[in-house]
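The shown structure was predicted, so the numbers you read here are calculated from the model rather than taken from an experiment. Letters A, B, ... mirror the listed sequences (proteins, then strands); counts begin at 1. These numbers come from the heavy atoms of this one structure, side chains and all, not from hydrogens, waters or symmetry mates.
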Number of protein chains: 4
Amino acid sequence: MEFSENKPIYLQIADGIAEKILGGDLKEGDRILSVRELGAELGVNPNTAMRSYEKLTMDGVIYNQRGIGYFVADGAREIVLRNMRADFIQNEVPVIKRKMELLQLKVSDLGL
Amino acid sequence: MEFSENKPIYLQIADGIAEKILGGDLKEGDRILSVRELGAELGVNPNTAMRSYEKLTMDGVIYNQRGIGYFVADGAREIVLRNMRADFIQNEVPVIKRKMELLQLKVSDLGL
Amino acid sequence: MEFSENKPIYLQIADGIAEKILGGDLKEGDRILSVRELGAELGVNPNTAMRSYEKLTMDGVIYNQRGIGYFVADGAREIVLRNMRADFIQNEVPVIKRKMELLQLKVSDLGL
Amino acid sequence: MEFSENKPIYLQIADGIAEKILGGDLKEGDRILSVRELGAELGVNPNTAMRSYEKLTMDGVIYNQRGIGYFVADGAREIVLRNMRADFIQNEVPVIKRKMELLQLKVSDLGL
DNA sequence: GTGGTCTAGACCACC
DNA sequence: GTGGTCTAGACCACA
């Protein structure tokens with residue numbers, strides 16, 4: 001996996017997991033990789049993987065069973081969907097809108 | 001002027017100037033504020049203002065006349081427009097697109 | 001290390017690193033000193049070292065891994081060689097040529 | 001006239017005059033432009049032109065007759081030739097030599 | 001530990 | 001007056 005520059009790696013990882021949940025690759029109750037495994041797989045420091053899990057835990061998307069591992073929480077998909085939608089519509093869409101006006105681009109120019 | 005958190009101030013300043021050029025508030029050949037003036041006006045260290053000017057100079061948007069000041073370059077508006085459009089379409093639009101699919105949002109949901 | 005007067009220190013540092021790459025003292029993939037280490041070693045402010053690294057990064061000669069450090073980029077030697085040669089031949093040689101004519105010096109007078 | 005970035009304008013102007021003397025365009029005893037005239041011709045602040053004349057005066061290449069103007073000094077051509085040659089051979093040639101080694105360029109590559 | 005940004009203040013050459 | 005460079009020191013996010 002490659003990471004973009006502008007965004008913290010741990011957030012990019014968290015987003016990646018969230019998207020897997022959204023896409024159904026990870027289902028509620030599934031166990032996810034340990035921080036060590038994930039770190040190794042992504043070529044990333046376990047600390048970094050840990051921060052991703054902390055973030056997702058805070059959001060209620062995953063939870064930890066001590067000594068066992070991390071699991072996808074009940075209702076995780078709903079939470080992710082709701083959070084991402086809210087963030088997208090509240091924070092991103094206005095910026096996009098403004099930029100399109102500034103650049104005199106129409107929706108049709110975007111190929112959406 | 002107030003600055004958002006996630007983006008370096010000097011880039012926000014540079015963007016602000018670029019947008020002024022785009023909007024016609026600054027025209028080719030116009031002298032822009034000295035680093036000291038700009039710093040004072042924005043409540044920012046002159047060094048920080050300087051970094052903004054460095055960035056814009058690199059982009060070919062402004063140029064320096066030694067001992068005199070910075071001026072809006074010929075063709076600056078074109079450059080800004082081109083750069084911003086390219087960035088938007090190459091980097092942002094794909095992300096937007098992907099996110100919309102993921103979140104099952106249609107263009108009509110965005111209110112653009 | 002001592003620095004000459006007429007050229008910014010940060011550029012002299014950058015050139016020094018480029019020459020190390022050229023000479024093979026630094027190879028692709030090598031980690032280079034952190035800005036603090038380099039600053040300490042050269043008796044220079046870390047910010048100044050940082051500016052050197054910014055310059056080299058822009059040239060594609062080194063790259064950064066966040067939180068880890070700077071590394072010599074793939075193809076760095078080629079880039080350095082190409083850039084320095086181009087600069088020398090385009091900018092310096094014509095001046096040399098002109099001066100030699102003006103001063104009525106022959107190549108043999110130079111002891112090259 | 002256009003000026004390069006790395007060298008003070010006033011020195012570039014002084015060099016230009018020195019070269020005219022070297023090339024015979026200006027002869028000993030010739031009156032040269034007033035600082036105002038020169039400034040106007042080159043699109044440069046008279047102060048800047050003045051600094052050029054100060055430099056040349058210091059070198060003994062021109063001299064001033066108060067209220068009348070500046071004139072090319074006796075022996076100016078010799079002085080210029082001697083100074084430029086000394087500077088070139090002592091300061092520039094060694095640098096050129098070193099760079100050529102570094103870049104693995106031969107004299108024949110230079111097209112001199 | 002790493003780099004990145006920012007401030008405050010200084011000095012300098014140049015116009 | 002202008003920009004350019006540099007120092008000292010701070011704070012922060014990130015790995």
Subject >> Nearest-angstrom distance from the residue atom CD1 of D:Ile13 to P of E:dA13 >> reply: 18 Å
Subject >> Length of the OH-P vector between C:Tyr10 and F:dT7, whole Å >> reply: 13 Å
**OP:** Between B:Gln65 and C:Ile68, name the one whose nearest nucleotide on DNA chain F is closer to the 5' end.
**Re:** B:Gln65
**OP:** By nearest nucleotide on DNA chain F, pick out whichever of C:Ile9 and A:Lys7 is the more 5' one.
**Re:** C:Ile9
Original post:
Nearest nucleotide by nearest heavy atom, which residue falls closer to the 5' end of DNA chain E, C:Arg66 or B:Val44?
Top reply: C:Arg66
Original post:
Within the distance-only criterion (no hydrogens, no angle test), does the side chain of C:Asp59 pair as donor or acceptor with the backbone N or O of C:Ile79 below 3.5 angstrom?
Top reply: no
Original post:
In whole angstroms, how far is the C1' atom of F:dT7 from the CZ atom of C:Phe3?
Top reply: 14 Å
**OP:** Salt-bridge test for C:Glu54 and B:Arg51: reply yes if a basic N is under 4.0 Å from a carboxylate O, no otherwise.
**Re:** yes
**OP:** Could you pick out which residue, B:Arg51 or D:Arg51, lies toward the 5' side of DNA chain E when each is mapped onto its nearest nucleotide?
**Re:** B:Arg51
**OP:** Taking only the side-chain heavy atoms of B:Pro8 (C-beta and beyond), determine which of F:dT2, E:dT2, E:dT5 contains the nearest atom.
**Re:** E:dT5
Original post:
Is A:Lys99 salt-bridged to B:Glu92, going by a charged N under 4.0 Å from an acidic O?
Top reply: yes
Original post:
CD of D:Glu5 versus C1' of E:dC14: gap in Å, rounded?
Top reply: 14 Å
Original post:
What integer distance in Å separates A:Asn47:CG from E:dT2:P?
Top reply: 16 Å
Original post:
What's the CG-C1' distance between B:Leu38 and F:dG3, to the nearest Å?
Top reply: 13 Å
**OP:** Determine yes or no for a side-chain-to-main-chain donor-acceptor pair under 3.5 angstrom, with B:Arg31 supplying the side chain and B:Ile68 the backbone.
**Re:** yes
**OP:** Using both distances under 3.5 Å as the test, list the Watson-Crick or G-U wobble partner of E:dC6, or none.
**Re:** F:dG9
Original post:
Base, sugar-phosphate alone, or nothing: which one does C:Glu54 contact when heavy atoms must sit under 4.0 Å apart?
Top reply: nothing
Original post:
Over how many whole Å does the gap from B:Asn45 atom CG to F:dA8 atom P extend?
Top reply: 17 Å
**OP:** Let me know the distance between CZ of C:Arg36 and P of F:dC11, rounded to the nearest Å.
**Re:** 13 Å
**OP:** Using only side-chain N and O atoms of C:Thr48, determine if any of them is under 4.0 Å from OP1 or OP2 of F:dT5.
**Re:** no
Subject >> Under 3.5 Å donor-acceptor, A:Ser52 side chain and A:Tyr10 backbone >> reply: yes
